[in-house]
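Data first, discussion second: the structure below is written as structure tokens.
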Number of protein chains: 2
Amino acid sequence: MANGVRDQVLEDSRADILRAAAACFMERGYAATSIDDVARRLGATKGRIYHHFHSKTDLFAEVFRMGMDLNYEAVEPFVHREGPALPRWRSMAMAHVMQMILTKPFQRAVWIGVEMHLRGATTPEQRDVFNKLIAYRSDYGRLFRATLLQGRDEGVFDFDDLSITNQLMFMTLNSPIFWYTERPGETRADTEAVAGQVVDYALGGLMGTREAEG
Amino acid sequence: MANGVRDQVLEDSRADILRAAAACFMERGYAATSIDDVARRLGATKGRIYHHFHSKTDLFAEVFRMGMDLNYEAVEPFVHREGPALPRWRSMAMAHVMQMILTKPFQRAVWIGVEMHLRGATTPEQRDVFNKLIAYRSDYGRLFRATLLQGRDEGVFDFDDLSITNQLMFMTLNSPIFWYTERPGETRADTEAVAGQVVDYALGGLMGTREAEG
DNA sequence: TGATGAACATACTACCGGGTATGTTGTCAA
DNA sequence: TTGACAACATACCCGGTAGTATGTTCATCA
């Protein structure tokens, strides 16, 4: 128990690797990122990375998991709030979008992982690792589904196919991972304003077109 | 001029390669797709591909261009229609979404290309090739911007930042390239129903949340 | 009919990247 | 003090891949 400091150093080293890996995966994608790239970014060599992670797949999986952990942590406080759907949905959506912005590299890795799974571009060994990650991610998605359904029952949301709507909503809420870049001198309020626009757009989509005629 | 048949055969062969390449890029991404993969899918060898394309980058660029050509072809007829913004926007959006669905492999390649450009994950030689492709894509984006602004002036659209809204709209309209899969026995009407939901969601986002309170 | 070239296939090279096997160094515990 | 182990670095192997160099076949045309 006297080696609490050692454990902390260990965790710091691991965390540094995860951050560097997330950045690399974001910048070049999974396949185009080499272990040497990650090591170079740290001013280290492959040895350090393979000392902490079994394989490239394992490293990527841990980045993915970290991203999802961050999401859960941010959104979960709002999930079990009683009351009408709309304010709860707004809180969850806002927390989600802020996470997309603030932890972008990890969230991009999550996206890449989902894409790889959808494409089936995984080897048999990767299979079960990925299946667990995707299951994790699906659980997270379910947090929103209940609120979506409640909102439709309450008449505040208006949509046809839940599955498609869920896809569209997440596509909107996730989209900052692709186009958001921090402005120099940007404050928390600025960031929240951007996130607010994203949430409003998503909400508009969920509410439907109403009386509009095209 | 007697070799019209020959030219046709040539174009068919090229087109076959492009289709196979688009499918491979969609399934595995750019980096993870090898020229041998594309050749295997055609029951051919690298020789055939390198006979028609200088490099992997060149092949990818042509797939990208083909995808954008298809989009222009589908949307352009509606762009210059006079009258209010909403019906024109709806026609353009619908045409766009249908293209996303019907030519998904090519559209995924376009997406991949944009991502690669954003990440700057391109070698100097690729630079100018990609810059032209991205410029092509940006022109296409501009087709929608005018209508968005007109719609806001007319009061039918309600959004704050044009740039962000444009991103969100395209993210929505493009999203079927990720989650759409053809159902067995699906008719044209079925497909259009799916596309319609996408367009409606996007329209809701553009119209804003109106009188809703969160 | 023979020559020419398009449209490929085959064979090869050079390099890169995942993974491993083997040092090296500092730290802590007994 | 020493031995053991964590935390790396170094050196190496090997499979895969972009690109090339060189056949081979067949249609067309002079």
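Here is the naming used below: chain letters follow the sequence lines, and residue numbers restart at 1 for every chain.
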How long is the line joining [atom1] of [X] and [atom2] of [N], in whole Å?
X: A/R48; N: D/dT10; atom1: CZ; atom2: C1'; answer: 16 Å
X: A/D12; N: D/dA6; atom1: CG; atom2: P; answer: 19 Å
X: A/K46; N: C/dT20; atom1: NZ; atom2: C1'; answer: 9 Å
X: B/D36; N: C/dT10; atom1: CG; atom2: P; answer: 12 Å
X: A/I35; N: D/dT10; atom1: CD1; atom2: C1'; answer: 17 Å
X: A/R28; N: C/dC16; atom1: CZ; atom2: P; answer: 14 Å
X: B/K56; N: D/dG16; atom1: NZ; atom2: P; answer: 16 Å

(request) Would you confirm whether the ring centroid of B/W111 sits within less than 6.0 angstrom of the ring centroid of B/F64? (result) no
(message) Can you see whether B/N71 engages B/E76 through a side-chain donor-acceptor pair at a distance of less than 3.5 angstrom?
(response) no
(request) Would you mind classifying the nucleic acid contact of B/S34 as base, sugar-phosphate or nothing, using non-hydrogen atoms under 4.0 angstrom? (result) sugar-phosphate
(request) Give one of base, sugar-phosphate or nothing for B/T57, where a contact means two heavy atoms less than 4.0 Å apart. (result) nothing
(message) Under the salt bridge (Lys or Arg N to Asp or Glu O under 4.0 Å) test against B/E27, which residue among B/K104, B/R108, B/R41 passes?
(response) B/R41
(message) Main chain of A/T165, side chain of B/Q197: is a donor-acceptor contact present, judged purely on distance under 3.5 Å?
(response) no
Under 4.0 Å between a side-chain N/O of [X] and OP1 or OP2 of [N], yes or no?
X: A/S13; N: D/dA7; result: no
X: B/H51; N: C/dA7; result: yes
X: B/H52; N: C/dC8; result: yes

(request) Report yes if the side chains of B/R14 and B/F53 come closer than 4.5 Å at any heavy-atom pair, otherwise no. (result) yes
(request) Identify, between A/H54 and B/T45, the residue whose nearest nucleotide on DNA chain C lies closer to the 5' end. (result) B/T45
(request) Select one nucleotide: of C/dA9, C/dG19, D/dT20, the one nearest the side-chain heavy atoms of A/Y50. (result) C/dG19
